[in-house]
Each structure stands twice: as structure tokens, then as C-alpha cells.
Amino acid sequence: MRPARDYASTRFSPLDQITPQNVRQLAVKSTFSTGVLHGHEAAPIVVHNTMYIVTPWPNYVYALDLSKDGAPVKWKYEPKPLSAAQGVACCDVVNRGVVYADGAIFLNTLDNRTIALDATSGKEKWVTKLGDVNKGETITMAPLVVKDKVLVGNSGGELGVRGWLTALDSRTGTIAWRAYSTGPDKDVLIGPRFKPFYASDRGGDLGIHTWPADAWRNGGGTVWGWISYDPQLNLVYYGTSNPGPWNHEQRPGDNKWTAGVFARDADTGEAVWFYQMSPHDLWDYDGVNEPVLADLAIGGRTRKVMMRADRNGYVYVIDRTNGEVLSADPFVPITSTKGIDLKSGRPIENEELEPALGKVMRNVCPASPGGKDWQPTAYSTHTGLYYIPSNNLCMDYEGVEANYIAGTPFVGANVRMYAGPGGNRGEFIAWDPVARKKVWSIKENFPVWSGVAVTVSDVAFYGTMDGWFKAVNAKTGEELWKSKVGSGIVGQPVTYKGPDGKQYVAILAGVGGWSGAIVAGGLDPRDATAALGFVNAMPDLPQATTSGGMLYIFGLP
Amino acid sequence: MTPPDAATMRPPDTRRVLDVSVLPRTVFGHQGLIWWGTAGFMVIEGSIFVIALVVYFYLRLQVTDWPPSLPNPGLFYGTLNLATVLLSLLPAYIAKTKAEKFDLAGVRLWLTILVLFGVAAVVIRAFEYFALNCRWDDNAYGSIVWTLLSMHTIHVATDVVDSMVLLTLALTGPNTKTRFVDYSENSLYWYFIVAWWVPIYVTIYLMPRWL
Amino acid sequence: MTGFWRTTTCLALMSELSLFAAGCQREVRPFQELAVASARTQNQSPFQKNAYGTAEGKRLFDQYNCSGCHAHGGGGMGPALMDDKWIYGSEPANIFESIVEGRPNGMPAWRNKIPDQQVWELVAYVQSMIGQESIDVLPSRSDHMRYSTPENARRAQTPVQTHTP
Amino acid sequence: MFDPHGPIARSIATHGWWLLLMSIAVYLVVMVALLIALGRRRREIDDQPETTRRLTRNVSIAVALTVVILVGIAASSVVSGRGIYSPSGAGAVTVDVVGHQWWWDFQYHDVTPSDVFTSPNELHIPVGLPVVIKAMSTDVIHSFWVPNLMGKRDLIPGIVTNTWIQADEPGVYRGQCAEFCGHQHAHMALEVVAEPMNTFQAWIRHQREPAAEPATDEERRGKDVFMQSTCVTCHAIRGTDAGSHLGPELTHVASRLTIAAGTLPNARGHLAGWIANSQSIKPGNRMPPNALTPDDLQAVLAYVRSLR
Amino acid sequence: MSEFVHPVERRMTISAADEERLRTQLERTWYVPRGIIGWCSVADHKTMGKRYIVTAFCFFTFAGILAGLMRLQLAVPNNHFIGPDLYNQIFTVHGTMMMFLFAVPVMEALGVYLVPLMVGTRNIAFPRLNAFSYYVYLFGGVMLVVTMLLNTAPDVGWFSYVPLAGPDYTPGKRADFWAQLITFTEVAALAVSVELVATIFKARAPGMSLNRMPLFVWSMLVTALMVIFAMPSIVTCSSFLLLDRLVGTHFYNPAEGGDSLLWQHLFWFFGHPEVYIIFVPALGIVSSIISAFTWRPIFGYSAMVMSLVATGFIGFGLWVHHMFATGLPALGLEYFTAASIVIAIPTGIQIFCWIASLWRGRPRFHTPLVFVLGFFAIFVLGGLSGVTLASVPFDLQVHDSYYVVAHFHYVLLGGAVFPLIGGIYFWFPKMTGRLMDDRLGKVNFWLLFIGFNITFFPMHILGLEGMPRRVYTYPDNMGWNTLNLVSSLGALLLVVGGALFVYNVVRSYRWGLAGSDNPWGAETLEWSMSSPPPVYNFLHIPVVEGRCALWDRSADAPIVTGIRSDVREVLISDVMDAEPINVAEYPEPSIWPFLCAVVTSGFFIGSIFTPWALPVSILPLAVTLIGWFWPKKRDRERAIEEQDEDRRLHDAA
């Protein structure tokens, strides 16, 4: 139904046929080549015995009929997005998934169109153009349908785009409201209901005043990550990306409302609260990571919380009713900040590392992709653990003057990344959000750039960039099973019950994305700053995998 | 006093003379001229080393991490080289004493041993470059340690070649007495090179661990 | 004997002086002499053998955000430029066209945004990224983070066109 | 130095005059002594032991006097130096002085980030109040120097240093880069406009505003040409899509006294020549020649001239 | 000292025939080879010294013409005569050439020529090294001239501040040529300094103890020692610059942990002593001339020597006064103010002592002395403006303005070039055997003196009015027009004066009055032999009996015998007392130093373009060096002689 399975974005499946005991018997049941080479970050979704997958640009949508042997293609939809859109997609031309609601499949194309397709026939129902490629805007996120609205946000924080979240009428495609992430309060949809918990977020038109004059017009804060929805409170939660440019000296101030999380009324879009994880973000610590909603017993009472493993390396537990941070604890080695001051909600910056023009700051951890980038976490109510696919990367960072030319990158930083302490570039972490500590973890050579799925039978699935699809015991972290697939995995595993009533696991392989850019884009590792510095950390990836999109469906015999 | 007159300066027929024919023609050490040339160049090269070391510490003050985003240099080969060159002081010293006694056989033997030590030092030096764990163009730290090491390597290599040439001369002749001064000064220069390896070794290998 | 030495000496001196001969053109700084109109039709960057033009190209490569997509040759949003795979050809005219007209997979057209003589400077620099310039013209490192071996220390590569437009 | 208009310059000038007078006096004394030594009537060489004693005494006295004078100079130097290093009061405003090849950028600090603005090549300061300067450079070493107001401060890439400036009378003071910085070191000048506090504040308020909207058709067309041509890749105009800071910001360019870093007075004709081919005026500068049609050029001129 | 053999003092009869025989043999032994190969093989200090001086003056002329071009460009505001690109090359080459190819080398050249004569020895120590250093210097200088002619000349100022001179802001090879020129001249200057120090310390005639050394020799000693300690600094920093540009090291890249101020520290740690390296020999010249033209020893010899030495030491402690405007901590700056002011004290002492010398003696106003008097008038002014520059607040105002240009031209032209030209007038008869025209000389002086002051005095005022240095043009409305025009007109006079000097030299060389051995009646040993000096300098090495070698010589002064005349033997003496302690043999002329210099130059120039120049030139370099030191026929003879000698001694025993 949705990439994240539920509105709370838990990726927690109640299916229990696959257990730690029988998971070793998993075998490939079906495969399907997408015919596209770039990073496949999408989650396949299964509705009415049909699996829908979306590829990276050119954003083909395939409907596979699971009820037939070999899952043949039911229909294929080609949105024919503009070729030029590839040139403004910051970190590979990915797409993170489609969503199904009311007989329709909703698709975002790279060239800023949201398209509703008839789920059975693949016919276009409506198309709405939301942004302009020439300004650097793209859309890579998976939409979310809440009631009668399709929520869509844009990408392009590295191109001086002004971020927004737009709600479309799911029947007609007309724009219901649009909430910008920078600029005057009326653009941000800040009104009388806006009650942020922390003082620094209160005040009029902070989206203007916390920027140098006019800088908010190309200040980033795009919404390219995940949206969660709490039906009880009728609030949607989503994060805003980094402020632009990366070079912080060109944007003194807190740069509201970037690198933070918004809670908005699902119907009107009015902002209810906002919390900024990285005010005046120095290191491209986007705030787009998925808010995972759960009810946890904290301090003796059950609190409605939102969990976020943020780019800045902290696991936040936030009261989702008002935006109060209950705890924030590092889950990866951190040097860029010295902790989170829970009183003000602000991170304590490490002033020694504050980047200055023309000076290389060394050993900044986590690196720009953060402790965890877009790759979604999972939360199992059964184990009470929060599963984080994380990166262990540090970087050298030099601020340089960024030059705004519409439709071209607006970054202003030279970055080279490398493995963090320990030398492993990734780690799969099980985190106890109540006890605020790591329970177990599996070190991975490459960053864990795939999403996670966990089942009630305590099996957690994730993939690695060198092409292993793994199942681990969700309680102990014991590796139960793994299977090598054709390309590195940067997608999201899903598990579903097939038409035959059996439980299946599906994953899209196809290396790419920011971390896989060296393979997907054929980049040259001799340049340490290639792909904004990520290539420097991944020079050996081309030896480990090649590109190519392929769907794998695993099942028990 | 009146201005001097050329006429008064004409030498008389019988003159006071200072006969220096008895003076030695071959001298070792600072009484001789060669020593001063060698010393002059040692002072110049020593100044360059001092300045390079000063630059090292100056650059150290510019940054917080040292070595910046790089591992510390490996100790093994540098220390091995230190041991080698310190040991080589012995053949150098003996070769020098032999030279000053005009003992050609001794010079040949100990100069050969000195050359062998020198070659060993150069070979070990090649591994030291890998033990630095950085390239010269990585950052200023890499630049200065490569420079320090290379400056010293050039000195070592030059003196090894120099010793080889002298060894050839010792073997083929002609071995004039002044040639023995060359053999002696060669050891002096080798002392100089060895002596500089100590502060450079300490700077390259130990300073990153201490600072 | 004397004749031999004399010849040796003269040859040595002449070879030293001949090193300078290459210097004449590569250091000229053509601030404005460039005939823009004629430059468009030619297949040779007027800055090709010119250190100043190539260095200006390097500066512009950063300032016009070329490095935003192509990084410092390693690529990112755009393809790598320091490897030997040249999608649209490596002739100066090809590169000029890529910059001015853009290319369909995302390279924007810079027509009217970058004046021709600066495009030619960029062409010269792009060629120098794979060492397609004489060594006395290739740029060295910048006063920035070290990202790669400086252009003047890279091994020259022969570009291969990988795609026929 | 001859025409000081600020406390630093005045303190330097006072000190300098004192030094110069002292030097002239010493020079005269030495020259007179020399002349006497040369022209002294003497029959023959004066080799009396008594002469030698007298000479020794005189030389010793001269050396002693030299030492005294030098100590005096050193002391005076330290004293007048004190006033130069630290401002005489709290700074009225803090300005980043950023050196570029070959122009200046003055960025005015403010606690509210959106009130930060830049004023290329023209530094406005309130009369009678110290202004704190943070000196920095983005490329090579430049040196900030306004002879009538203050001494030099080098702008060194990678290093930020603080100094201050103050003018006691309203006026326009010319400053120039004093450290050789490449081709156009000669044409890297700036204007310091010292004005009364209320004028200064009005100026600040005006500078904070976005650019004026084009009023006439020609100006509108000029804006279109500007936005679609080379201009937009280097210059920023606040309130429009032009956001590049490679060259000086043009939001209020028409209100400035000069163009091209003090090279030319800000007049339409100069501006036209500058846009068409700046290389003939300031060879080697970073602005390329622009092959605009005459109509387009006029339109752009009209637009740029409207950015008051 | 007891362990040493002492020379035997006795009386002996030396007949005229003996002397004639000795003369013939010495002439044969110390021959100066002829022919092209011979020309490149010369190892005689006088020949090399003259070549050095002539070469240095050629570069002086070239740099002077460049200066003339600059004044032409600056004569009127907004001049388009020379564009910024060319102007920057011109002023860079002018400064570089004057400092590195004229001022330091010409002073050392004078030392190469005069010091062996003054200390009473037959040649400079390490004569082949001396030849090598000359050729390296020559090739380096030619390289710079050629770059200027090929539009490839450095354009970053003689100080080459990074990052402007770094790889990012000076593309191409212009700055590399500058950096490598430094290497050329430093190699040459350092080698010469070692030779001079060794000559002065070890080859003095018996009796010339340190406290009897002529002041000129003292000044050369101080200079040579300053070179030895100062120049390594700039060798290091220019090599770092070359490495930054060629192989991408990061010494001056602040982003990667380098520092652009590092350059300034290293450069000025050399750069300030450099000024004294140029100026101290001039002090020696002044002392020589004053003493010769007053027929009196210089007043206060000890004070003069102490001042020279003090200048040498203090010169190293004040480099930061070139960096007052960089924003270093104030306390440090004040220290350097104090140090910079302190150096005025030794200079003052010297000025006062000279005045006292003039007071005591009866000056004879020949051209050399007139130039020295001009030196007083100019240099004292330059020195005083130097004291003002040491003061931080004043310096902040006038630093990098024309005031500084005026100041250092007063110090360098007035303090070094005027005495130098005086020195040329003074020693010309010794070098050539002919006197220079005195009347023309005085006209020459007045042209230069007036031209100089018209050119440079207005620059003081321009600087105080705020005109910065190194600008290729200036606006019209600044009130600088008149003074600049005046200055440019003055430069015209200077050019005429310079031309007249050249004319006088050429004319006197061909047609000048023949001078006697000692036309001025001066005191130092170089005046004791014929003019020009014979190839072996001294028929008999003299024994010095007092501070003024010739004036204090008694009628029965001893001479040295027992030095072989059939090989190039020289007397080596003790450092302090010049007690003879042994005899050394100097090498024959050889082509190898020249070839080695060719290879070295090839390496230096090649390494501007590629680091592979190093491996490529190692082999030829080794070949030429081994050839240089490889035993010659003479060594075989000598080995046999020594064996015979040993056998004889053995038999006798």
C-alpha cells in the first residue's frame, strides 16, 4: 500500500510465516529486470495480488501480476520524464516508490509531475506539474496519501531550490495547499495554531529573518524524504532538508525552516509545531529522515513519540504532540557536535570544526550523508527495538564560495569522505529507544544504504551495497540467511502475503543513489570530491558490484 | 707620518725571510683548508635543515590534527635506519683514523664497510617512504615530512655515491697524501649526515605521537 | 679534442636556450584580443596552448558551477571528465558544443550565459583534465582541498568517444 | 599622511611629523659635521693624541645622542601604536572587508541575518564613531588602505584579523589596495563615505531594501536582457533571480560614486563602455567583453541605472 | 700550538736573477689558459672576479633600462604606454635582477677580486668552485633576461608573495622562472661565500691577525657569513614554492594546512639580511676609500669592526618589520620595532667614525672620495627614513607606498651603488693599469647625484600623499602628476649619468692614463704589486706588520719563502693570528666546473617544467662532478714524489 507499510512508518510486518528457524530455506521465487541501470531505491508495493514497482528515471511503472506464474507484466507505464531532469538530480536519478490508494497508483516523476494511474489498467487519471526542472527542482520521494490528499515534496537542496510540501486532491490532482520550508509565514503556512516547543522557533517570519536578505529564495529545505501521519492527532510529520548552500558563511542565521521536522494539520497544511535538529546546518545534515511513530513508555508513562535516527548522528525521541525532545543519543561516532542540549533543543556545536572559507576541517563525523541518510528504519513493537541501517563515515570539509546560477548546483563545499573509526563504512544497528542504547549491531563493509523490514516473527531484512540480501534475528542480531543478488542493494525490502497465502519477501536490487554514484554514474575515484565527496569513500565499490535493476522475490519452499 | 713612498719599499738584497718549506703539506682537521670548505657547506646545509624543521613546527601550529586525517608514520623502518646509521658511525670513525695514519689497506676495508652501511641506509629509506602513510601532495604535513625525508635521503645518497667514488680511488690510486684528507673528510661529512638524522627522525616519527 | 669540447659546449648551451623557445605563446595573456566571431567556427581552442587561458578555464569551471556536477573531474550529477570515456567526443568543437548547446541528459545549454571566449577557456581546461595539453600549460594544484593529482601530474590519456550523438 | 581625517591617521601624522622633524634635524647635524670635517682649515694631517681624544669623546657623545633619540622614537612609536591597535570606543558597526581580484566587498554585520547586506567598493561609515573591520580575502593578499583615515591592514586568505576605522569629518576618502595583487592592482580602489549618523542610517535602511523594480518599458526590457545574458552568471540583484556573487552585487549599483573599483566615475557613458568591453579599460579584470546589440546595451544600461 | 711545526725565520740573499727566475716559474705555474676551452677553464680569481663584475654591470644596465621604461610609463597619469601585464613583468624583473643578479653578486665579485689580494694570497680558496659559481650565476641571469624577452618573465614582484605567486593565481611558468632564478643565484652566492670565508680565515699572509685585517676584508667576511646563514632560508622557501607549483605540495595552501604567511617569514628572514649583505661590503669600500684619500687609517678601527659584526647579527632579528601590516600580535611588532631601531646604532657609529676620519685627515677630492661623500648625503637620509619605517604606526601608513620605494633606493643606490661606483673608480687602475678620467668622473658624479635626488626624493612625498607601489598607472586627479613627472625627468638624468659611467670605463680602459702600482698611495696589500696584478698576485707572500699593511711596513719586512713555485702552492695560516701552519695546493684550471655548471643549469631549468629533470640529470651531474674531482696526471706524479720522499726519509732513518 505504502512503501513504509503503515502511516507510522514502522515497516513492521505482522506476517509470521518466515521465522528465524525457517528463514534459511528462503529461495528465489521470481525475478524481473527493470531494464534501468540507476539506483533502485523504491519499495515494491503489493495490492490485490499485483506488485507495483517504479524504476529510477525514466520512472517506468510496472504492474506485475503475482497471481500468475512468474509474475508477468500486467501493464507498464512510461511517463517519459524530461531528459534534462537527470542533470539536476543531485544524487542519482532515483525514485523512492509509488503509493496506492483508492484504486489508483500515485507516482512522482523526476521532472516534477505527480501522476495518478488507474491501478488495474495503468491508464493516466491525472497529471499535475509541480515544479520546474530549470530551477533545479526534481521529485524523488514517494508520495503519501492521507485521506483525500496526495502529499508530495520536492528535491534539489543542492541546487538552491526552495523546498515545499504540496497536497494534491487525490481525485483531481488540483493543488490543495503548498507549504514552503522557507520564507514568510504565509508561505510556510504558519498561523495561530503554530506552537513550537522551543523558544528559538517562535517569532514572526523567521523564515525570512534567519536568512541573509533574499537568501531564503534559494535556501533549500526541500522535502524529499518520508512523511508519517498520525490519524488520531490528524497530523502529518515530515522533515525538511539542508539549507543551501552547504557553505554556511553564505547564510548566517538559523535558516528556518530547514533541517528540521514539521508537524502539520493533514487537512489544511497549517503548521502545528516545528523542531529544528540542525539550526544553521553546517554539514548538510538534512532533516528528511522518516519520523517513526510509536507509543513508548518513558519516564513511567506512555508517550506518543516520534523516533528519528537523524543525519546528525542522534536518535531523537520526540513527543509528537508538541515537539518536545525527550531524548537524543548518538548512534554513530560524532565529532561535529558535542551533544544535544535538551533545554534549548539545540545541538552543542564543536566550534573547533566550524568550517571557514578556504580551510579544510578534518575528521568531521558523521559525514554529510549522516549517521543515516534516507534509508528507512524499522520499528518492531514486538521486540521494542528500532532498526537503523547506518553509515559510518567521516569527512574532510572545506567551505568554498558557492555561486547561485539557477538550475545549477549551489553547494559551496569541497568534501572527501572516508570510513569512520573502525574502518567499517556501515553498520546495522538495533536500538532500544527506551533504554537509549545500542542493543546489538552488525558491522558492514559498505554503508547500509537499503531500508529495513522487520516482521512480528522477529526476522529483519536488509541489503548491502555489495549485493547481499540478509535476514537477521531481530532479537539477537544473529545473521540467519543471506543471498547474493545481481547488483548492490539500495532499495527497500518488503514482505507480503502472496495470492497463495504464503509470505514472500521482495527487494529491488540495482546499486546507485548518492553512495552508489561511483557505479551508477561511472565516476572517477581519482577525484576525491566526486559525487560531493562520497566517491572517495567508495573507490572499491565498482569491484564489488555493477549496476542494473532487478526485482527479486524470495519465498519459502 | 708621511705617505708611503714606493722607493722605500724596494727589497734589499739580503732579506729577512720566513721559510715555510718545513710546514706540512698534508693536514687533517680544521688546520687544513678542505675542512673549512666541508664545514662551510655543512653550515649551509645545516641551516637548511634547521629552517625545514622550523617550518615543520610552524605548520604544526596551523592545524588542530597532526598528522591531519592521516595515521601516524610507521616506526619500524625509521628506527631501523636510525640504528643502521648510528652503527655506521663505527666504520666511519675507523676509516677516519686509518686515513689519518695513511693506512691504505685499512681505509679500503672500512670504507667498503661504510659504503655497505650507506647502501643499506638508502634501501631502508625506500621503505620509510611507504611507512609515512601519506603522499607529499596530501596536505602540508605530507609535504613537509616528504621534504625532510627527501632532503636527508639526498644527503645520504650523495655521500654514499661520494664514498663509492672514493673507494674506487682508494682501490685504483693514485693515493696521494691529500687523498687521505679526502678519506678523512668523507667520514666527517658522514658524521654530519648521521647527526642530522637524529633530530629529523625524532621530528618525523616521534613528534606526531607527542604533539 | 678542442673541437669536440667546443661542440659539446655549444650544443649544451643551445639545448638550454631551446627550452625557452616553447615559452613564447603559452604565456601570452589575451585579455581582449580574441576575435570572438572567428573563434566559434574553429575546431581549436584559441587557448589551447596558453597557460593563462587554461588556468582561467579552471577558475571558471568552479565559478560557473561546472564542478557542482562534474566535481573536479570525477563527476557526480554529471559524468566524469578526467577519464577516457568521452560521451560526445573530445574534439574542441565537441566540447564547445556541449557547453554552449547543452546535452540532452541534463547538461544545460550555456548559450548567452557564458561568452564564447570564456567557453573556449573552459574547453582548454576540460582538455587539460586528461593531460591533453603540453606540460608547461597544464594547471597545478589549487589553493583548496586536495582533490586529486594536479592536472600537470596526471598521465595523458587518449579519450574514446563512447556514444555517437 | 598630510591630510588626516580620522584619529588613527591623525595619531600617525603627529607621530610621523615628529619623526620627520627629528630626521631632518639629525640629517642637518650630520651633514654640517661632515662639511666642517671636510672644509676645516688645516695645514696638515692632524694626528695629535689630543685630537684623537677629542674625536673619541665627540663620537661617543654622538653615539649616546643617537641612542637617546632612538629610544625616544621607539617610545613614541609604542605610544602612538597603542591608539591604533584598539578602537577608541565600541564599534558602531562591524564590517567584513573582503578582498577580491580586483574589487572590494564590504559586508555589514547585523544580529538579524536578513539585515546583513553588502556594499561593493564603497564603505559608508558614520562620522565620529569607530567602525570595526574584519579583514579577509578570498583569493590573494590585498591590503586595505585609506591614507586619510588609517594605515594598512593586509587581507590574507585563510586569516581573519580585526582592525578599525574612524572618520572625524564627513567626506569621501579614497582608499586603495596597497599589496601587489596581480594585473589590476593599480585599479583596485575604494571610496570611504563618511556621513553623519542619520544619513548613514538612512543609507543602511536603503541598502537593506531589495532592488527597485523597473519602472519603464526600457528598464523592463533591460531587466529581461540582464536575466537572460551573461550578466546573471556573475552578478546578484536582490529581489530577482540573479544571485551570483562572483562580481560585485548590483542591487543598488546606481547609487554608488564609481564603478570598477574606483576606476571610473559612475556615469552612463562609462558604464556603457565598461559593459561592452571592460578589458580595454582595466585589462585583465574578470569581466568578459559582452557582445550585446546596441539596443540591448541601452536597455541594460537603463535598467542598471535604475538600481538606485 | 706547540705540536705544530713553525716556519723558520732567517735571512737570505735573494738576487735579482732569483727573482726573475721565480717570476718566470710562477707565471708558468699560475697560467691563465687561453682559447675557448681555456676561457671556460679559468680558475684565477682576478679573471673570474672581473667577469663577475662586468656581468653584474650588464644586468645592472638591463635592469636600469627596465627602470627607465617604468618611469616612462609613470610619467603621466592613465598612461597606456605599457599595459599591466608587461609592467608587472618589468618591475618584477627590475627588482629581482637588481637584488639577485646585480647587488649581491657585484659585491661578492669585488670580494672575489680583491680579498685574495688584500689578504696576501695567490688565489681564492676552492678556485674551481669559484668558476662553477660564476657560470651558474651567468646562466641563471641569462635565463631571466631571456624570459623577459620571451614574455615569460615573472610578474609577481621580486618578493613573490604567495598565494599570488602560487599555482592558483600565476598560471604558466612565470613564477617558476623566478623561483629557479633564486636557486641559481643562491647556489652561486653560497659557493662564493664559502670560498671567501675560507680564504679570509685560512689564507691570510703571515702577521695579518684578525685585528689587522683591512676593514674591507672584515666587511666581506661579515657579508659572506650573513649569506651563509640567510640564503638557506630563501633557498628553502623558493624551493617550496617550486614544489607547490610543480608537484602539488601544500606548503603555502592554507586549506590543506599550509600558510601564506610562512612565505613572508621565510622570505624576509632572508630578505632583510639581504639588504645588509648588499650594504655591508659598501661600508668596506667606503672605509678603503676614505682611508686612501685622507692617508689616515680609519678612526676607531675596533668600533668599526664591532659595528660591522653587530650589523651582521642584528640584521637577522628584524625581518618582521616588513610584515607590520599583516595583523600579527602588537607586542611582537613592538619587539621588531625596537630591533629595527637598534640597528641604527652600529650604522651611526660607523658614520661618526668616518666623519672623524675625515676630520683628522686631509681629504683629497678625487672622484672615488666624491662618490663616498655623495654616499653620505644620500645614505644618511635613507637611513633616517629607515628608522621612521621601523616605527609600526608610521610604517602602517607608508608601507608599500612610494615612500618605501624612495627609502630603499636611498639606502641601496646611495648606500651601495654610490660607494660601488666610487670603488670602481678607486680600483680601476689596479684592475686595468689605467686611471679613469677624473674630470669626467666628477661630471659623472654630479649627474648621478642630482639625477638620483630628482628621481627619488619626490617619491618620499608621493608616498606620504598615498601613492601605492607597484601600480602600473594612477588616476589623474590625485595630485601626483607633477612629482611623478619630475621623478621621470630625474630618471633621464640618471640614465645619462649611467651612460657616462660606461663611456668613462670604456674610454679609460682603452685610452686612460697609465697608473702606477699604487696611484692613490693606499694602505692595503693589493696596491703592493703591479697594476694589473700578475697572475700569481705576489712574487713573495708578504709578512704583515701592522694594521695598514703598506704604511706600517718596515724597511726590513720579512717575506715568505719555501713555497713551491712549480705547483700551485699557497700558504695556509691560523684563523686568529695568521700564523702559517701548513701549505696547500690549489688545483689547475679545468673545464669540468663549466660543464658541471651547464648540467646544473640544465637541471634547474628542466625542473621548472617537470620533476623528471632530477632523475634525468643525475647521471650527467655525477659524471661532471666525478670528472671535476678525478685524479689528474699531476696526482700520479705527486704520489710518486711522495713515495720517493717517504723512501728517502726511511733510508735516512
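With a 4.5 Å cut-off on non-hydrogen atoms, Ala203(E) does not touch chain B at all. With a 4.5 angstrom heavy-atom cutoff, Thr158(B) does not touch chain E via any of its atoms. Within the 4.5 angstrom heavy-atom criterion, no atom of Asp162(B) approaches chain E. Proximity to chain B (any heavy atom under 4.5 Å) is shown, for Leu262(E), by both the backbone and the side chain. Heavy atoms closer than 4.5 Å to chain E are found in both the backbone and the side chain of Val17(B). Contact of Pro24(B) with chain E is made through backbone and side chain together, with heavy-atom distances under 4.5 Å. Contact of Val27(B) with chain E is made through the side chain alone, with heavy-atom distances under 4.5 Å. When heavy atoms are compared at a cutoff of 4.5 Å, Leu539(E) does not approach chain B at all. Proximity to chain B is limited to the side chain of Tyr586(E), based on heavy atoms less than 4.5 angstrom apart.
Judged purely by atom type and a 3.5 angstrom limit, Arg16(B) uses its side chain to pair as donor or acceptor with the backbone of Asp556(E). With hydrogens and angles disregarded, a donor-acceptor distance shorter than 3.5 Å links the side chain of Ser143(B) to the backbone of His250(E). Not a single donor-acceptor pair under 3.5 Å links the side chain of Trp36(B) to the backbone N or O of Lys202(E).
The closest side-chain heavy-atom distance from Leu18(B) to His540(E) is not below 4.5 Å. Here the side chains of Asp137(B) and Thr249(E) are not in contact, with every heavy-atom distance at 4.5 Å or above.
Taking each heavy atom of Val55(B) and Phe251(E) in turn, the nearest pair found is CG1-CD2, 4.5 Å. Nearest heavy atoms, Val22(B) versus His6(E): CG2-O, 3.6 Å. The minimum heavy-atom distance between Pro631(E) and Arg179(B), with the atom names listed, is CB-NH2, 3.6 Å. Shortest non-hydrogen contact noted between Thr147(B) and Leu243(E) is OG1-CD1, 4.4 Å. Between Gly257(E) and Val63(B) the shortest heavy-atom distance is CA-CG1, 3.7 Å. Closest approach of Ala125(E) and Leu33(B) over heavy atoms only: CB-CD2, 4.0 Å.
Rounded to the nearest 0.5 angstrom, Ile44(B) CD1 and Glu186(E) CD are separated by 10.5 Å. In this structure, the separation between CG on Leu23(B) and CD on Glu579(E) is 9.5 Å, given to the nearest 0.5 Å. Atom CG of Asp244(E) sits about 13.5 Å away from atom CH2 of Trp136(B), to the nearest 0.5 Å. Here the CD1-CE distance, from Ile48(B) to Met231(E), works out to 12.0 Å after rounding to the nearest 0.5 Å. One distance of note links NZ of Lys177(B) with CD of Glu645(E); it measures 7.0 Å at 0.5 Å rounding. How far CD1 of Ile34(B) is from CZ of Phe126(E): 5.5 Å, rounded to the nearest 0.5 Å.
Heavy atoms of other residues, nucleotides or ligands lying less than 6.0 angstrom from CZ of Phe127(B) number 12 at most. The local environment of OH in Tyr191(B) is crowded, with over 12 non-hydrogen atoms from other residues, nucleotides or ligands closer than 6.0 Å.
Chain B forms more heavy-atom pairs under 4.5 Å with one residue of Asp259(E), Ile228(E), Thr236(E) than with any other, namely Asp259(E). For the set Tyr141(B), Trp66(B), Phe41(B), the entry with the most heavy-atom pairs within less than 4.5 Å of chain E is Phe41(B). Most heavy-atom pairs under 4.5 Å with chain B: of the set Glu195(E), Arg564(E), Glu569(E), this distinction falls to Glu569(E). Of all the listed residues (Ala39(B), Ala52(B), Ser47(B)), the one sharing the greatest number of non-hydrogen pairs under 4.5 Å with chain E is Ser47(B). In terms of heavy-atom pairs under 4.5 angstrom with chain B, the leader among Val575(E), Leu190(E), Leu129(E) is Leu190(E).
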- Trace of the side chain to side chain contact (heavy atoms under 4.5 Å, CB included) decision for Asn582(E) with Gln31(B): CA-CA 8 Å; Asn582(E) 59 69; Gln31(B) 298 295 345; 4.0 Å; yes

- Task: Could you give me the CA-CA distance, side-chain angles and deciding distance for Val165(B) and Phe629(E), then say whether side chain to side chain contact (heavy atoms under 4.5 Å, CB included) is met?
- Result: CA-CA 10 Å; Val165(B) 172; Phe629(E) 293 106; over 6 Å; no

- Verify salt bridge (charged side-chain N to carboxylate O under 4.0 Å, His left out) between Asp19(B) and Arg11(E), making sure each step is shown before the conclusion. CA-CA 9 Å; Asp19(B) 186 357; Arg11(E) 299 194 81 85; over 6 Å; no

- Task: Using the side chain to side chain contact (heavy atoms under 4.5 Å, CB included) rule, take Arg15(B) and Ile559(E) through it: C-alpha gap first, then chi angles, then the decisive distance, then the call.
- Result: CA-CA 8 Å; Arg15(B) 304 188 56 165; Ile559(E) 54 171; 2.8 Å; yes

